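Atoms considered below: every heavy atom in the structure, side chains included; atoms not considered: hydrogens, waters and symmetry mates. No experiment lies behind these values; they were computed from the predicted model shown.
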Amino acid sequence: MLRRARVISICGSVARLEVLEGPLAGEHIPGLYYAALGGKPRAGEEVIANTLGPEMGLGTGGVAVILPHRGGEAPENQDHFVKLPYTPLQYPAPPPPQAGGLSGVPVVVLPLHSHLAPACCAAAELRPGCAVTFVWQEGGALPVAFSRTVPQLKEKGLLRTIVSAGNCFGGDIEAPNVYAGLLAAASEEVGADLILAGIGPGVVGTASPFGHGGMAAALALNAACALGADPVLAPRVSAADGRERHRGISHHTRTALRAALGGCRVALPESYAGDTGDLPERHRIVRVRRDVAGSQAAFGITFESMGRRYEEDPAFFDAAAAAVALALGEAG
């Protein structure tokens with residue numbers, strides 16, 4: 001939904017917009033702009049914004065997105081590849097550094113963006129100073145700037161590097177796919193002690209077995225295995241989700257494990273009281289005594305997913321911590 005809007009004010013990467021047309025005409029709404037794609041809007045000017053999120057009343061995506069309308073000079077070609085290829089928003093990115101493989105590198109695959117904070121906190125508790133790199137995959141929001149969690153984690157020293165893979169963009173390093181993203185994270189230039197792989201906020205969902213952004217986990221597991229890692233999956237588990245398909249071990253995790261061709265370890269926290277059902281036998285379920293009950297207070301971070309806090313659904317967040325503990329050899 002492309003609408004004309006006027007910029008009222010700007011704070012960081014968020015503008016306050018007055019919508020000039022459509023069902024929200026006259027209303028003031030927040031609008032994101034992405035500096036990587038074009039110039040910064042100015043207060044008082046008229047812009048074009050995609051207002052689909054606010055018009056549909058979406059949760060995670062309930063903000064407008066301002067279309068870029070100014071750009072700089074075309075860069076010199078230095079073996080760039082192109083992000084968002086053959087769309088009006090395409091732009092070049094330099095090739096990422098690459099390790100020779102992932103043998104011996106701890107890799108944890110996260111099902112949702114809301115698992116990133118507890119995973120980073122667990123790494124800091126287990127290995128103070130741990131250099132954590134997050135490989136941001138397609139399956140949710142593509143722009144890294146959309147995340148409110150990433151700036152917090154970076155500011156507190158809990159997350160060092162973001163590698164945006166595929167058509168995700170705005171990380172410290174750009175990679176053309178998840179394979180290159182994992183190898184970039186393991187490179188000497190990045191020097192990750194722990195690699196986390198997952199998606200941005202706002203997971204794609206269609207309520208069908210394979211039609212969801214959680215399938216990014218299968219892609220990451222296959223890539224990690226092919227490159228020599230012994231990856232650990234943090235399963236999506238819940239005792240509080242109102243949707244039956246996400247209670248217990250979510251169908252997102254079940255279908256991702258069906259599609260993951262190589263065997264991986266699946267970390268189940270002790271706070272998860274449900275069963276494992278019919279997960280493929282090639283994967284190894286490991287019960288891990290690890291939680292993040294005190295991590296919010298220790299690091300000044302709030303864990304939240306779909307409006308639920310840690311106290312309402314501890315196993316959901318503990319799964320990320322359990323996976324990190326298992327990957328780092330600290331499962332107890």
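Note that CG of Leu116 and SG of Cys121 are 9.0 Å apart. Values are rounded to the nearest 0.5 Å. One finds the SG atom of Cys264 at 5.5 Å from the CG atom of Leu233 (value rounded to the nearest 0.5 Å). For the atom pair Asn177 CG and Cys168 SG, the distance stands at 11.5 Å (nearest 0.5 Å). Here the CD atom belonging to Glu312 is positioned 12.5 Å from the CE atom belonging to Met306, to the nearest 0.5 angstrom. Rounded to the nearest 0.5 angstrom, Tyr179 OH and Leu219 CG are separated by 7.5 Å. Annotation: the span from Asp230 atom CG to Leu102 atom CG amounts to 11.5 Å, rounded to 0.5 Å.
With contacts defined as side-chain heavy-atom distances shorter than 4.5 Å, the pair Asp318/Pro118 does not qualify. Residues Lys154 and Ile162 meet the side-chain proximity criterion, which asks for heavy atoms closer than 4.5 Å. In this structure, the side chains of Phe134 and His113 come closer than 4.5 Å at one or more pairs of heavy atoms. Residues Leu159 and Leu196 are not in side-chain contact: their nearest non-hydrogen atoms beyond the backbone lie 4.5 Å or more apart. Contact of the Ser250 side chain with the Ser238 side chain is not registered, since no non-hydrogen atoms from C-beta on lie closer than 4.5 Å. In this structure, the side chains of Cys120 and Phe299 stay at 4.5 Å or more apart for every pair of heavy atoms. The shortest distance between side-chain heavy atoms of Pro96 and Pro176 falls below 4.5 Å. Here the side chains of Leu84 and Leu37 are in contact, with some heavy-atom distance below 4.5 Å.
Minimum heavy-atom separation, Thr206 to Gly211: OG1-O, 2.6 Å. Minimum heavy-atom separation, Ala327 to Val107: CB-O, 4.4 Å. Across every non-hydrogen atom of Ala256 and Ala218, the tightest pair is O-CB, 3.4 Å. Taking each heavy atom of Gly170 and Ser164 in turn, the nearest pair found is N-OG, 3.6 Å. In terms of heavy atoms, Val288 sits closest to Ala325 at CG1-CB, 4.2 Å. Closest non-hydrogen pair, Ala197 versus Ala220, comes out as CB-CB, 4.1 Å.
Applying the side chain to side chain donor-acceptor pair (under 3.5 Å) test to Gln98 and every residue at least two apart in sequence or in another chain returns nothing. Taking the side chain to side chain contact (heavy atoms under 4.5 Å, CB included) definition, one finds that Ser9 meets it with Arg16, sequence neighbours left out. Here Tyr91 pairs with Glu174 under the side chain to side chain donor-acceptor pair (under 3.5 Å) rule; sequence neighbours left out. Every residue two or more places apart in sequence or in another chain that forms a side chain to side chain contact (heavy atoms under 4.5 Å, CB included) with Leu2 is listed here: Ile48, Asn50, Leu67. In terms of the side chain to side chain contact (heavy atoms under 4.5 Å, CB included) criterion, residue partners of Pro94 (sequence neighbours excluded) are, by chain and number, His80. Listed by chain and number, the residues in a side chain to side chain donor-acceptor pair (under 3.5 Å) with Glu21 amount to none (sequence neighbours excluded). For Glu188, there are no salt bridge (charged side-chain N to carboxylate O under 4.0 Å, His left out) partners, not counting sequence neighbours. With sequence neighbours excluded, no residue forms a side chain to side chain donor-acceptor pair (under 3.5 Å) with Asp291. Ala141 pairs by the side chain to side chain contact (heavy atoms under 4.5 Å, CB included) definition with Pro143, Phe146, Pro201, not counting sequence neighbours.
Hydrophobic clustering (ILVMFWY, side-chain heavy atoms < 4.5 Å, transitive): Phe169 and Val65 are in one cluster. Linking Ile, Leu, Val, Met, Phe, Trp and Tyr whenever their side-chain heavy atoms come within less than 4.5 Å leaves Val232 and Leu227 in two separate clusters. Criterion: ILVMFWY side-chain heavy atoms under 4.5 Å apart, direct or through other members. Under it, Leu183 and Val135 are part of a common hydrophobic cluster. Residues Val286 and Tyr272 do not share a hydrophobic cluster, defined by chaining ILVMFWY side chains whose heavy atoms lie under 4.5 Å apart. Grouping the Ile, Leu, Val, Met, Phe, Trp and Tyr side chains by contacts below 4.5 angstrom, directly or via other members, places Leu221 with Ile285.
The closest side-chain donor-acceptor pair between Asp172 and Thr161, if any, does not fall under 3.5 angstrom.
Connectivity analysis of hydrophobic side chains (ILVMFWY, heavy atoms under 4.5 Å, direct or indirect) links Val19 to Val7, Ile10, Leu17, Leu24, Ile29, Tyr33, Val47, Ile66.
Judged by distance alone, the side chain of Gln152 and the main-chain N or O of Thr149 form no donor-acceptor pair under 3.5 Å. Side chain of Lys83 to main chain of Gly166: a donor-acceptor pair is present (N/O by atom type, distance under 3.5 Å, no hydrogens or angles). Between the side chain of Thr51 and the backbone N or O of Arg3, no donor-acceptor pair lies under 3.5 Å. Between the Arg254 side chain and the Pro280 main chain, no donor and acceptor come within less than 3.5 Å of each other. Within the 3.5 Å criterion, the main-chain N or O of Val178 finds no donor-acceptor partner in the side chain of Gln137. Panel note: side chain His115, backbone Phe316; a donor-acceptor pair is recorded below 3.5 Å. Of the possible polar contacts, none joining the Glu46 side chain to the Arg4 backbone as a donor-acceptor pair under 3.5 Å is found. Checked by atom type and distance alone, the side chain of His283 pairs as donor or acceptor with a backbone atom of Leu257 at under 3.5 Å.
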Problem - Test log, rule side-chain contact (heavy atoms from CB on, under 4.5 Å), inputs Leu89 and Tyr34 - result: CA-CA 11 Å; Leu89 303 179; Tyr34 300 122; over 6 Å; no
Exercise for the section: In sequence, state the C-alpha distance, the side-chain angles, and the governing distance for Phe317 and Ser271, and then conclude on side-chain contact (heavy atoms from CB on, under 4.5 Å). Expected result: CA-CA 10 Å; Phe317 302 98; Ser271 54; over 6 Å; no
Handout entry: Leu142 vs Glu138, side-chain contact (heavy atoms from CB on, under 4.5 Å): CA-CA, chis, key distance, verdict
Key = CA-CA 6 Å; Leu142 299 179; Glu138 298 169 0; 3.9 Å; yes
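Other residues, nucleotides and ligands contribute only 12 or fewer heavy atoms inside 6.0 Å of the CZ atom of Arg284. Other residues, nucleotides and ligands place no more than 12 heavy atoms under 6.0 Å from the CZ atom of Arg289. With a 6.0 Å radius and a threshold of 12 heavy atoms from other residues, nucleotides or ligands, Arg6 has its CZ atom at or below the threshold. Around CD of Glu311, the count of heavy atoms belonging to other residues, nucleotides or ligands within 6.0 Å exceeds 12.
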Output a table of donor-acceptor pairs, distance under 3.5 Å, between side-chain atoms of residues 124-132 and any protein atom two or more places apart or on a different chain; print 'none' if there are none.
| residue | atom | partner | partner atom | Å |
| --- | --- | --- | --- | --- |
| Glu125 | OE1 | Arg290 | NH2 | 3.1 |
| Glu125 | OE1 | Ser295 | OG | 3.3 |
| Glu125 | OE2 | Ser295 | OG | 2.7 |
| Arg127 | NE | Glu330 | OE2 | 3.3 |
| Arg127 | NH2 | Leu328 | O | 2.6 |

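Sorted by first then second residue, the side chain to side chain donor-acceptor pair (under 3.5 Å) pairs that include residues 209-222, not counting sequence neighbours, are His212-Thr255.
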